[in-house]
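When reading the values below, keep in mind they use all heavy atoms of this one structure, side chains included, and skip hydrogens, waters and symmetry mates. Throughout, protein chains are lettered first and strands after them, A, B, ... in sequence-line order, and every chain is numbered starting at 1. Keep in mind that what you see is a predicted model, and the values were worked out from it rather than measured.
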Amino acid sequence: MDIVDVREIFRNREQYLGKEVTVGGWVRSIRDSKTFGFIVLHDGTFFEPIQVVYHDALPNFDAICKTNVGAALIVTGTLVATPEAKQPFEIQATEVVLEGDSTPDYPLQKKRHSIEYLRTITHLRPRTNLFQAVFRVRSLCAYAIHRFFQERDFVYVHTPLITGSDCEGAGEMFQVTTLDLNNIPKTDDGKIDYSQDFFNKPTNLTVSGQLNGETFAMAFKNIYTFGPTFRAENSNTTRHAAEFWMIEPEIAFADLKDDMLLAESMIKYIINFVLENAPEEMKFFNDFVDKGLIERLQHVASSDFGHVTYTEAIEILEKVNDKFEYKVSWGCDLQTEHERYLTEEVFKKPVFVTDYPKEIKAFYMKLNEDGKTVAAMDCLVPGIGEIIGGSQREDDYDKLAARITELGMKPEDYGFYMDLRKFGTARHAGFGLGFERCVMYLTGVSNIRDVIPFPRTVNNCEL
RNA sequence: UCCUCUAUAGCUCAGUCGGUAGAGCAUGCGGCUGUUAACCGCAGGGUCGUAAGUUCGAGUCUUACUGGAGGAGCCA
């Protein structure tokens with residue numbers, strides 16, 4: 001018995017029509033009349049389910065009628081075209097084998113459930129239309145990102161998840177320790193004795209692979225990282241998670257313009273790849289999650305992203321300051337409401353905001369000639385806000401050392417990072433793309449918890 | 001962490017002015033020869049998130065707590 005994927009049947013239907021097929025899947029819906037019944041079977045390989053018709057000629061007809069939603073079945077029968085009906089074809093069953101039954105209290109019923117309810121059944125929600133579509137697109141999106149960089153000969157670098165560097169400074173970190181928290185060893189002066197910890201010093205989960213990535217960029221020229229990232233921030237929003245994935249390319253002999261070109265072509269590549277390879281899923285999002293999604297993505301993929309400097313952006317925003325709860329002026333950080341106004345009202349497409357005041361950006365960003373701004377860029381997209389943050393890196397040893405000192409940090413804590421500026425420094429740039437935010441943008445799904453298979457947020461670490 | 005909203009049947013919700021609980025779907029049983037979240041009939045199903053308070057009486061009013069949602073900050 002060769003079980004064929006439903007995807008294979010839909011994609012090569014002519015080859016299967018009129019022939020006997022065997023499929024294995026889970027019951028989405030089942031209903032019976034006196035002498036026959038219908039099963040909507042979904043096998044996970046394709047967004048659309050396949051309809052099975054079973055008659056009372058089957059020896060186990062009564063048992064099939066009692067089958068519950070969610071049960072696993074293996075069905076053999078003839079594939080018949082149904083041009084008059086809603087579905088293109090169906091299987092006239094000659095054999096229905098109950099692989100594993102379900103029960104009447106199966107939490108997914110053949111009706112619409114709220115997304116919040118589905119969130120409470122993390123282990124079952126992948127069986128629903130919405131999450132089938134989300135997680136197939138997530139998978140394709142990851143593949144598209146690897147393809148994009150590999151086609152351009154970027155080297156994929158696995159930067160460490162456990163870091164002993166306490167100088168990443170991008171948010172709260174999760175500490176990693178093997179110390180017995182019920183009996184913490186102390187030194188004579190009462191501090192925690194990390195000499196007894198696994199790594200002989202305090203360690204944390206990474207909040208960014210960028211600094212490590214830079215070392216490889218200064219060896220391989222073009223590299224990217226793609227891996228999990230951890231932030232212990234107490235944020236409770238639709239777009240923050242404690243564990244998320246990030247893509248961080250780093251390119252040498254390149255400046256901020258090259259960086260933005262890379263970011264823009266990457267976003268367009270991902271959009272085109274997903275539209276081409278998940279048409280059914282994208283149509284579903286367009287119809288039921290975010291009307292106008294496909295048109296918007298196609299528009300983004302075929303037009304140039306907007307560009308505006310921070311200073312210009314402030315000028316634009318100051319003219320409509322009465323719209324905002326937080327008034328803008330040069331030097332202030334852009335709030336969510338300002339970012340949304342820029343990308344949703346002014347540009348109506350993704351826009352790069354560049355050259356921010358150095359005070360509101362990280363220490364490693366390249367100081368511009370004006371001495372006031374740095375070569376930073378944020379890419380803002382409608383509906384999500386910041387999806388990419390990047391910069392050209394400060395490659396001048398003395399300027400970087402001065403900036404580190406200016407911020408009250410110690411250059412000696414950044415030994416390896418300073419060495420890169422000492423031994424053959426070169427201009428270089430990079431950015432970080434929030435993978436989940438990218439999936440949200442592609443699908444129109446508005447809560448990050450619904451694009452992560454097993455989301456970890458404050459107070460929530462199920463399964 | 002702050003602000004706002006919210007919690008009633010397995011699910012989605014209604015419940016008026018404070019007077020001891022209702023619908024649809026789902027489930028069970030019966031009917032139906034082509035359904036599309038099938039349809040028709042009958043039935044079962046509730047400590048109204050938790051704890052206190054006001055009241056003759058609380059799903060309804062008050063307070064606290066817990067969970068959920070949205071917004072803000074932080075960021076990707």
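Contacts of A/Gln87 with the nucleic acid, taken as non-hydrogen atoms under 4.0 Å apart, include base atoms. Note on A/Gln92: a base of the nucleic acid sits closer than 4.0 angstrom, heavy atoms only. Residue contacts shown for A/Asn234 include a base, since a base heavy atom lies under 4.0 Å away. Residue-level contact check: A/Tyr326 touches the backbone only, with heavy atoms under 4.0 Å from sugar-phosphate atoms and none from bases. Base engagement by A/Gln51 is indicated by at least one non-hydrogen atom pair under 4.0 Å involving a base atom. Backbone-only contact: A/Tyr117 has heavy atoms under 4.0 Å from sugar-phosphate atoms and none from a base. The residue A/Arg239 sits close to a base: some heavy atom pair falls under 4.0 Å. A/Ile387 comes within contact range of the sugar-phosphate backbone alone, with a heavy-atom separation under 4.0 Å but no base atom that close. Note on A/Ser235: a base of the nucleic acid sits closer than 4.0 angstrom, heavy atoms only. At a threshold of 4.0 angstrom between heavy atoms, the contacts of A/Asn68 are confined to the sugar-phosphate backbone, with no base atom among them. Contacts of A/Arg340 with the nucleic acid, taken as non-hydrogen atoms under 4.0 Å apart, are absent. Nucleic acid contact class of A/Thr120 (heavy atoms, under 4.0 Å, all strands): none. If you check every strand for non-hydrogen atoms under 4.0 Å, A/Thr237 touches a base. Using a 4.0 Å heavy-atom criterion, one finds that A/Glu243 contacts no nucleic acid atom at all.
The pairing partner recorded for B/A58 is none, the criterion being a Watson-Crick or G-U wobble arrangement whose two distances lie under 3.5 angstrom. Base pairing analysis places B/U50 opposite B/A64; the two distances defining the Watson-Crick or G-U wobble pair are each below 3.5 Å. The partner of B/C13, taking Watson-Crick or G-U wobble pairs whose two distances both stay under 3.5 Å, is B/G22. Nucleotide B/C42 is matched to B/G28 when pairs are restricted to Watson-Crick or G-U wobble geometry with both distances under 3.5 angstrom. Judged by Watson-Crick or G-U wobble contacts below 3.5 Å, the nucleotide B/G70 has B/C3 as its partner.
When only modelled atom types and interatomic distance are considered, A/Tyr364 and A/Glu214 share no side-chain donor-acceptor pair under 3.5 Å. Checked by atom type, the side-chain pair A/Ser29/A/Arg31 shows a donor-acceptor distance below 3.5 Å. Residues A/Asn368 and A/Thr373 bring a donor and an acceptor atom of their side chains to less than 3.5 Å of each other. Side-chain contact of A/Tyr224 with A/Gln150: a donor-acceptor pair under 3.5 Å is present, judged by distance alone.
Separating the CG atom of A/Asn459 from the P atom of B/A69 is a distance of 12 Å, rounded to the nearest angstrom. At whole-Å resolution of the value, NE2 in A/His113 and P in B/G10 are 14 Å apart. The distance from atom CD of A/Glu116 to atom P of B/G67 is 17 Å, rounded to the nearest whole Å. Atom CZ of A/Arg31 is separated from atom P of B/C40 by 14 Å (rounded to the nearest Å). The separation between A/Lys34 atom NZ and B/U35 atom P is 18 Å, rounded to whole Å. A/Asp450 has its CG atom 12 Å from the C1' atom of B/A69, to the nearest Å. Rounding to whole angstrom units, NZ of residue A/Lys110 and C1' of B/G10 are separated by 15 Å. The nearest whole Å value for the distance from the CD1 atom in A/Ile30 to the P atom in B/A37 is 16 Å.
Here, B/G15 and B/A72 have their P atoms 30 Å apart, quoted to the whole Å. When the P atom is compared between B/A7 and B/A14, the two are found 8 Å apart, to the nearest whole Å. Comparing the same atom, P, in B/C2 and in B/G19 gives a spacing of 36 Å after rounding to whole Å. The same atom, C1', is picked in B/U16 and in B/A21; the two are 14 Å apart, to the nearest Å. B/C40 and B/U35 have their P atoms separated by 15 Å, given to the nearest Å. As rounded to the nearest Å, B/G18 and B/U60 have P atoms that lie 12 Å from one another. Spacing of P atoms, B/U12 relative to B/U55, comes out at 37 Å, to the nearest Å. For the P atoms, the distance linking B/G59 with B/C3 amounts to 29 Å, nearest Å.
Residue A/His240 places a side-chain atom within donor-acceptor reach of the base of B/C75, judged by atom type and a 3.5 Å distance cut-off alone. Not a single donor-acceptor contact under 3.5 angstrom links the side-chain atoms of A/Glu325 to the base of B/G71. Side-chain to base pairing of A/Glu233 with B/G73: no donor and acceptor N or O lie closer than 3.5 Å to each other. For a distance-only test at 3.5 Å, the side chain of A/Gln109 fails to qualify as a donor-acceptor partner of the base of B/U27.
For A/Phe216, the CZ atom sits in a loose shell: 12 or fewer heavy atoms of surrounding residues, nucleotides or ligands are nearer than 6.0 Å.
Put simply, A/Thr336 has a side-chain N or O that comes within less than 4.0 Å of OP1 or OP2 on B/G73.
Between A/Phe154 and A/Phe226, the gap from one ring centroid to the other reaches at least 6.0 Å. Side-chain rings of A/Phe89 and A/Phe10 approach one another, their centers coming within less than 6.0 Å. Ring to ring, A/Tyr54 and A/Phe61 are close: their centroids are under 6.0 angstrom apart.
Distance from the side chain of A/Thr238 is smallest for B/G70 among the nucleotides B/G28, B/U35, B/G70.
Nucleotide B/U35 carries an anti base; the chi torsion (O4'-C1'-N9-C4 or O4'-C1'-N1-C2) is more than 90° from 0.
Between A/Pro107 and A/Met246, the one whose closest nucleotide on RNA chain B sits nearer the 5' end is A/Pro107.
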Requested in this report: Apply salt bridge (charged side-chain N to carboxylate O under 4.0 Å, His left out) to A/Glu280 and A/Arg136, showing your working.
Outcome: CA-CA 11 Å; A/Glu280 289 81 11; A/Arg136 187 168 296 279; over 6 Å; no
